[in-house]
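Working notes for the structure below.
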Amino acid sequence: MKRGTARRWAITTAILLHGCGEHPYVKLYDPELPKHPPACMTLHMDPADPPVEKKLRSLYRFQPDCLYHLEVGTKERIVCHSAYNAPAKATTAFPSSYLRMDLYRGKRIVYSYYIDLTSPADADDAETAFDRLRDDLHLR
C-alpha cells in the first residue's frame with residue numbers, strides 16, 4: 001500500500017470509528033507547536049455567538065494582529081449518519097450540535113479540536129475546549 005493511500009485509509013478509519021461521539025477529537029498538525037507555543041492569537045467566531053466569545057475573551061487576551069488565529073465555530077441541528085453509532089442513536093440522547101476550534105498559523109492549520117454535543121454549544125463547552133487547547137499547546 002502506498003504511503004498516501006495508507007494515510008488516507010488511517011484518517012478515514014479514525015473518523016468512522018470516532019463517528020459522532022461525546023469525546024473530543026483533537027489533532028496536532030505541527031508537533032513542534034507545544035515546544036514553541038504562540039505568543040499571541042486573534043479570535044474569529046463563525047457564526048457569531050456572543051456568550052461563547054465573551055467566555056473565550058475572559059480566558060485569553062486575544063490580539064487584533066497576530067500570525068496565529070483561532071477560528072471557533074458551532075452548529076446546531078446536525079445529523080450523524082455514522083452506522084457505527086446506530087444502536088446508541090436509537091436508545092440514547094445523541095449529538096445534535098458541535099463545537100470546533102481550529103488554530104491557524106497564517107493559512108496553515110496547526111491544531112484542531114472538535115466535539116459533538118447533545119445540546120447547543122455554550123460558554124462552559126468553550127471553556128472546556130479552550131482549556132484543552134491551552135494544556136496541549138502549553139499556552140501562558
Side-chain angles (χ1 to χ4, degrees):
M1 189 179 299
K2 290 184 179 180
R3 183 175 179 189
T5 304
R7 183 174 180 204
R8 281 191 299 274
W9 181 84
I11 290 170
T12 302
T13 300
I15 290 170
L16 287 175
L17 290 177
H18 182 266
C20 295
E22 59 188 47
H23 301 289
Y25 176 74
V26 177
K27 174 76 174 156
L28 180 62
Y29 293 90
D30 180 356
E32 296 297 311
L33 192 58
K35 296 175 188 170
H36 309 285
C40 63
M41 292 186 290
T42 63
L43 177 63
H44 181 258
M45 298 282 307
D46 187 29
D49 189 331
V52 168
E53 183 171 351
K54 182 178 179 181
K55 174 53 84 173
L56 291 172
R57 290 193 184 280
S58 77
L59 297 172
Y60 186 83
R61 188 179 177 140
F62 292 96
Q63 299 177 9
D65 294 315
C66 187
L67 176 63
Y68 289 91
H69 60 278
L70 183 64
E71 293 191 8
V72 179
T74 61
K75 186 165 182 168
E76 297 177 33
R77 295 184 291 279
I78 64 169
V79 178
C80 180
H81 296 291
S82 173
Y84 174 76
N85 290 308
K89 190 173 182 179
T91 60
T92 63
F94 212 71
S96 60
S97 62
Y98 70 78
L99 170 67
R100 175 179 207 111
M101 289 188 179
D102 293 321
L103 181 64
Y104 290 85
R105 179 175 43 235
K107 293 185 178 188
R108 189 173 142 235
I109 190 167
V110 292
Y111 180 88
S112 181
Y113 175 100
Y114 174 93
I115 189 165
D116 289 309
L117 302 164
T118 56
S119 59
D122 61 18
D124 290 338
D125 297 316
E127 182 173 11
T128 299
F130 194 80
D131 286 346
R132 172 69 187 263
L133 179 143
R134 184 188 314 263
D135 289 347
D136 289 347
L137 302 184
H138 309 294
L139 293 179
R140 296 178 238 154

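- Rounding to the nearest 0.5 angstrom, the gap separating the CG atom in L70 from the CE atom in M45 is 9.0 Å.
- Using a 4.5 Å cut-off on side-chain heavy atoms (C-beta onward), D122 and P51 make no contact.
- In this structure, V72 and L99 have side chains that are in contact, with non-hydrogen atoms separated by less than 4.5 Å.
- Taking all atoms of both residues into account, the shortest heavy-atom contact from T42 to D65 is CG2-N, 4.1 Å.
- If you take CZ on R100 and CG on D46, they are separated by 12.5 Å, rounding to the nearest 0.5 Å.
- Side-chain contact between L28 and P34 is present, with heavy atoms from C-beta onward closer than 4.5 Å.
- Remark: Y68 pairs with R105 by the side-chain hydrogen bond (donor to acceptor under 3.5 Å, both in side chains) rule, at least two apart or across chains.
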Listing, residues 126-134 side-chain donor-acceptor contacts under 3.5 Å, not counting sequence neighbours, or none:
unit_1, atom_1, unit_2, atom_2, d
T128, OG1, D124, O, 3.0
R132, NE, D136, OD1, 3.1
R132, NE, D136, OD2, 2.9
R134, NH2, L59, O, 2.7

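- R57 is listed as a side-chain neighbour of L43, based on a closest heavy-atom distance under 4.5 Å.
- A cation-pi arrangement is present between K27 and Y29 under the rule of less than 6.0 angstrom and at most 45 degrees off the ring axis.
- Here disulfide bond (SG atoms under 2.5 Å apart) pairs that include residues 30-69, with residues two or more places apart or in two chains, are C40-C66.
- Rounded to the nearest 0.5 Å, atoms CG (L67) and OH (Y104) are 14.0 Å apart.
- To the nearest 0.5 angstrom, K55 atom NZ is 13.0 Å from D49 atom CG.
- We find the CG-OH distance between L117 and Y98 to be 11.0 Å, quoted to the nearest 0.5 Å.
- For the residue pair H138 and P37, the shortest heavy atom distance occurs at O-CG, 3.6 Å.
- Across F62 and L56, no two heavy atoms sit closer than the pair CE1-O, 3.4 Å.
- Using a 4.5 Å cut-off on side-chain heavy atoms (C-beta onward), D125 and T74 make no contact.
- Heavy atoms only, all atoms of each residue included: S112 and I109 are closest at CB-CD1, 4.1 Å.
- Scanning both residues, P38 and L103, for their nearest heavy atoms gives CG-CD2, 4.2 Å.
- Nearest heavy-atom pair, M41 versus L139, reported as atom, atom and distance to 0.1 Å: CE-CD1, 3.8 Å.
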